[in-house]
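Everything on this sheet refers to the single structure shown next.
Computed from a predicted model, the values in this text were never measured in an experiment. Sequential numbering from 1 along the given sequence is applied to the chain's residues. Every heavy atom of this structure was used, including side-chain atoms; hydrogens, water molecules and symmetry mates were not.
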Amino acid sequence: HLVESGGGLVQAGESLRLSCSVSGRDLDLYALAWFRQTPGKDREGVGSVSWLNMTFYGDFVKGRFTVSRDFLKKTLSLQMNRLRPEDTAIYYCAAREGTGARLYPRDFPYWGQGTQVTVST
């Protein structure tokens with residue numbers, strides 16, 4: 001079970017932090033990830049953390065976003081800095097079992113409901 005929070009409306013250049021609360025068994029053996037989607041486009045990988053705490057990022061991130069995981073609190077976070085209008089999207093938290101954490105949506109069977117992020121000019 002995945003529940004996102006922290007979305008909202010911000011201006012370009014500002015920051016926003018998203019959180020995802022994760023519940024279930026053996027979560028330490030899961031990879032967790034953030035994806036985003038805008039109408040008419042495919043779901044896009046933002047960042048992920050493997051169960052070995054390795055991180056992966058989408059090419060567009062370019063150092064602006066940081067994904068982190070708290071194994072004790074069972075949360076996944078996404079710190080987004082220097083936001084741009086093109087970052088406007090619904091952001092989803094996702095989970096998968098196993099060692100892989102590459103940002104392929106088809107590899108993640110578990111998804112949250114999403115949280116809207118809107119960046120104005």
Side-chain angles (χ1 to χ4, degrees):
H1 190 57
L2 304 161
V3 180
E4 303 95 337
S5 62
L9 172 64
V10 296
Q11 293 187 330
E14 293 184 340
S15 299
L16 199 62
R17 185 176 182 88
L18 305 182
S19 293
C20 176
S21 176
V22 186
S23 60
R25 299 184 303 175
D26 300 326
L27 293 175
D28 288 356
L29 301 179
Y30 279 65
L32 301 177
W34 288 100
F35 291 86
R36 69 183 189 182
Q37 191 169 24
T38 54
K41 292 188 177 181
D42 293 335
R43 202 160 285 190
E44 179 180 43
V46 179
S48 65
V49 186
S50 74
W51 64 275
L52 293 174
N53 218 22
M54 295 177 60
T55 56
F56 301 88
Y57 292 96
D59 291 339
F60 67 90
V61 170
K62 299 185 186 302
R64 297 186 299 126
F65 298 175
T66 302
V67 62
S68 60
R69 177 173 181 172
D70 189 320
F71 286 85
L72 188 61
K73 294 181 180 178
K74 298 183 179 181
T75 58
L76 177 71
S77 298
L78 180 66
Q79 177 66 41
M80 302 186 291
N81 300 324
R82 305 194 304 278
L83 282 161
R84 305 166 180 167
E86 54 264 39
D87 294 318
T88 295
I90 298 175
Y91 284 71
Y92 296 91
C93 179
R96 60 160 293 178
E97 296 179 76
T99 58
R102 298 290 181 177
L103 292 166
Y104 302 123
R106 64 179 181 272
D107 292 341
F108 288 78
Y110 308 107
W111 294 83
Q113 293 299 307
T115 185
Q116 176 71 47
V117 172
T118 304
V119 185
S120 64
T121 56

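Taking every heavy atom of both residues into account, Gln79 and Ser15 meet most closely at NE2-CB, 3.8 Å. Smallest separation of non-hydrogen atoms from Leu103 and Ser48: CD2-CB, 3.6 Å.
Judged by the 6.0 Å and 45° rule, Arg106 forms a cation-pi pair with Tyr104. Annotation: cation-pi pair Arg43/Phe108 absent, no NZ/CZ under 6.0 Å from the ring centroid and within 45° of its normal.
Both Leu2 and Val49 are part of a single hydrophobic cluster, where members link through side-chain heavy atoms under 4.5 Å apart. Under the 4.5 Å side-chain heavy-atom criterion for grouping Ile, Leu, Val, Met, Phe, Trp and Tyr, Trp111 is not connected to Leu18 through any hydrophobic cluster. The same ILVMFWY cluster, assembled from side-chain heavy atoms under 4.5 Å apart, contains both Met80 and Val46.
Within the 4.5 Å cutoff, the side chain of Phe71 has heavy atoms near those of the Asn53 side chain. You'll find the side chain of Arg84 stays beyond 4.5 Å of the side chain of Phe60, heavy atoms only. At a threshold of 4.5 Å between non-hydrogen side-chain atoms, the residues Ser19 and Thr75 do not count as touching.
With rounding to the nearest 0.5 Å, the separation of CD1 in Ile90 from CD in Glu4 is 10.0 Å. The line from OH of Tyr30 to CZ of Arg96 is 11.0 Å long, rounded to the nearest 0.5 Å.
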Determine, step by step, whether Phe65 and Trp34 satisfy the side-chain contact (heavy atoms from CB on, under 4.5 Å) criterion, reporting the C-alpha distance in whole Å, the side-chain angles of both residues, the deciding distance to 0.1 Å, and the verdict. CA-CA 11 Å; Phe65 298 175; Trp34 288 100; over 6 Å; no

